[in-house]
Amino acid sequence: MLGNFIGDFVKGKEIDLLEPKIANGVRLHRLIDEFTDLHPVVSESKDRLRGKYRHYAGVIVDIYYDHFLAALWLDYHSLSLEDYAKHAYDVLRTNWDILPPKAQFMFPYMEKANWLVSYSQISGIERAMKGMARRTRFYSKMEESTQDLEKHYLAFQTEFQLFFPDLVNFVKEEIPEIKIG
């Protein structure tokens with residue numbers, strides 16, 4: 001869990017400095033990113049947004065899919081989202097010293113706003129998109145993306161529900177020691 005969380009914050013050879021279980025989590029994160037980027041259903045979701053958001057379409061779809069995972073959580077996990085989030089925040093807090101500096105900077109905001117649970121609501125996605133839009137170098141229009149989520153909600157949800165079981169199966173095949181669910 002810890003390695004998967006810090007995956008975006010660990011660059012290149014930094015992975016070699018991590019203990020093996022955490023490094024495996026980073027590797028899992030990278031495999032999931034690669035699988036997701038190449039999945040044809042995810043491409044359909046991105047194509048719906050690409051005209052307006054250009055190269056930010058992939059980032060937006062990732063957040064949309066986070067929304068559907070949170071909103072449909074009990075379809076995929078036996079523990080409530082609230083309990084899972086509490087456990088995840090406990091793991092991150094307990095391993096504070098292992099977190100890269102950028103993750104340490106972000107985590108207090110994540111925990112305080114309870115991002116994992118807030119993503120289950122469109123209002124939580126809207127806050128996330130507005131925050132990301134403020135931090136992008138170029139004008140991204142991400143602050144408008146919640147409107148597109150609402151407009152095409154059923155299509156994005158259907159695509160997520162087609163994609164996510166494929167992702168779960170991929171992880172089970174690639175990393176059999178990972179317990180899913």
Side-chain angles (χ1 to χ4, degrees), residues 1-12 14-15 17-19 21-34 36-37 42 45-46 49 52-74 76-77 79-150 153 156-157 160 164 167:
M1 177 188 290
L2 183 61
N4 197 12
F5 173 76
I6 66 172
D8 286 332
F9 302 101
V10 175
K11 304 300 178 197
E14 291 174 355
I15 194 170
L17 304 174
L18 301 172
E19 58 185 75
K21 282 186 177 182
I22 296 171
N24 281 338
V26 172
R27 287 184 191 95
L28 172 63
H29 180 100
R30 292 174 180 173
L31 285 170
I32 289 170
D33 280 352
E34 183 179 338
T36 301
D37 288 343
V42 177
S45 293
K46 288 190 231 179
L49 299 174
K52 181 175 182 179
Y53 301 103
R54 304 174 79 171
H55 67 275
Y56 293 106
V59 174
I60 294 167
V61 168
D62 282 349
I63 301 295
Y64 286 1
Y65 281 21
D66 287 346
H67 163 70
F68 290 112
L69 179 57
L72 303 168
W73 182 259
L74 290 176
Y76 304 105
H77 205 289
L79 196 62
S80 75
L81 180 57
E82 292 77 8
D83 289 342
Y84 181 84
K86 182 184 177 319
H87 170 68
Y89 299 145
D90 288 346
V91 167
L92 295 172
R93 211 176 313 98
T94 301
N95 291 283
W96 178 262
D97 293 339
I98 296 171
L99 299 180
K102 288 182 180 179
Q104 287 179 343
F105 177 80
M106 182 195 66
F107 176 67
Y109 298 102
M110 178 185 190
E111 184 177 32
K112 182 177 181 186
N114 199 0
W115 289 359
L116 296 176
V117 173
S118 75
Y119 276 18
S120 68
Q121 302 297 316
I122 290 179
S123 59
I125 296 302
E126 186 172 31
R127 276 190 302 279
M129 294 298 190
K130 285 179 179 179
M132 290 173 63
R134 282 191 304 272
R135 293 187 299 276
T136 59
R137 275 188 182 182
F138 305 104
Y139 182 52
S140 68
K141 300 182 189 175
M142 281 194 276
E143 71 280 1
E144 301 172 15
S145 64
T146 307
Q147 297 164 6
D148 293 289
L149 174 60
E150 291 173 323
Y153 195 88
F156 286 118
Q157 180 178 336
F160 170 79
F164 196 70
L167 176 62

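Since the model is a prediction, treat every value here as computed from it, not as a measurement.
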Checklist entry - Are Tyr89 and Phe5 close enough that their ring centres sit under 6.0 Å apart? => result no

Item to check | Under 3.5 Å: donor-acceptor pair, side chain of Trp73, backbone of Leu79 | outcome: yes

Item to check | Shortest non-hydrogen contact between Ala88 and Met1, atoms and distance | outcome: CA-SD, 3.7 Å

Item to check | Closest heavy-atom pair and its distance - Ala85, Asn114 | outcome: CB-OD1, 3.9 Å

Item to check | Interatomic spacing from CD1 in Ile32 to CG in Asn4 - rounded to 0.5 Å | outcome: 5.0 Å

Next on the checklist: Under a 3.5 Å threshold, yes or no: a donor from one side chain and an acceptor from the other, between Asp83 and His87?
Outcome noted: no

Checklist entry - To the nearest 0.5 Å, what is the distance between NE2 (His55) and OG (Ser140)? => result 8.5 Å

Checklist entry - Would Tyr65 and Thr36 count as a side chain to side chain donor-acceptor pair (under 3.5 Å) if you check the C-alpha gap in whole Å, the side-chain angles of each, and the deciding distance to 0.1 Å? => result CA-CA 11 Å; Tyr65 281 21; Thr36 301; over 6 Å; no

Checklist entry - Can you tell me how far the OH atom of Tyr76 sits from the CG atom of Leu69, to the nearest 0.5 Å? => result 7.5 Å

Item to check | Residue Lys21 excluded, over 12 heavy atoms near NZ under 6.0 Å | outcome: no

Next on the checklist: Return the CG to CD1 distance between Leu149 and Ile125, rounded to the nearest 0.5 Å.
Outcome noted: 7.5 Å

Checklist outcome for this item: CG of Asp66 to CZ of Phe160, rounded to nearest 0.5 Å, is 8.5 Å

Next on the checklist: What verdict does the ring-ring contact (aromatic ring centres under 6.0 Å, His included) test give for Phe9 and His29, after you've listed the backbone C-alpha separation in whole Å, the side-chain angles of each residue and the deciding distance to 0.1 Å?
Outcome noted: CA-CA 11 Å; Phe9 302 101; His29 180 100; 8.8 Å; no

Item to check | From Met129 atom CE to Asp148 atom CG, the distance as rounded to the nearest 0.5 Å | outcome: 9.5 Å

Next on the checklist: According to side chain to side chain donor-acceptor pair (under 3.5 Å), does anything in residues 115-134 pair up with another residue at least two apart or in another chain? List the pairs.
Outcome noted: none

Checklist entry - What are the two closest heavy atoms between Tyr53 and Lys141, and how far apart are they? => result CE2-O, 3.1 Å

Per-pair distances, 0.1 Å, donor-acceptor, side chain in residues 101-111, under 3.5 Å, sequence neighbours excluded:
residue : atom : partner : partner atom : Å
Gln104  : NE2  : Trp96   : O            : 2.8
Gln104  : NE2  : Leu99   : O            : 3.4
Glu111  : OE2  : Arg93   : NE           : 3.1
Glu111  : OE2  : Arg93   : NH2          : 2.3

Item to check | Under the side-chain contact (heavy atoms from CB on, under 4.5 Å) test, residues paired with Val10 that sit two or more places apart | outcome: Ile6, Glu14, Ile15, Leu18, Val26, Arg30, Pro100

Checklist entry - After noting the C-alpha distance and the side-chain angles of Leu72 and Gln157, does the key distance pass the side chain to side chain contact (heavy atoms under 4.5 Å, CB included) rule? => result CA-CA 10 Å; Leu72 303 168; Gln157 180 178 336; 4.3 Å; yes

Item to check | Minimum-distance pair of heavy atoms, taken over all atoms of Lys46 and Gly58 | outcome: CD-CA, 3.7 Å

Item to check | Side-chain donor-acceptor contact under 3.5 Å, Tyr56 with Ser145 | outcome: no

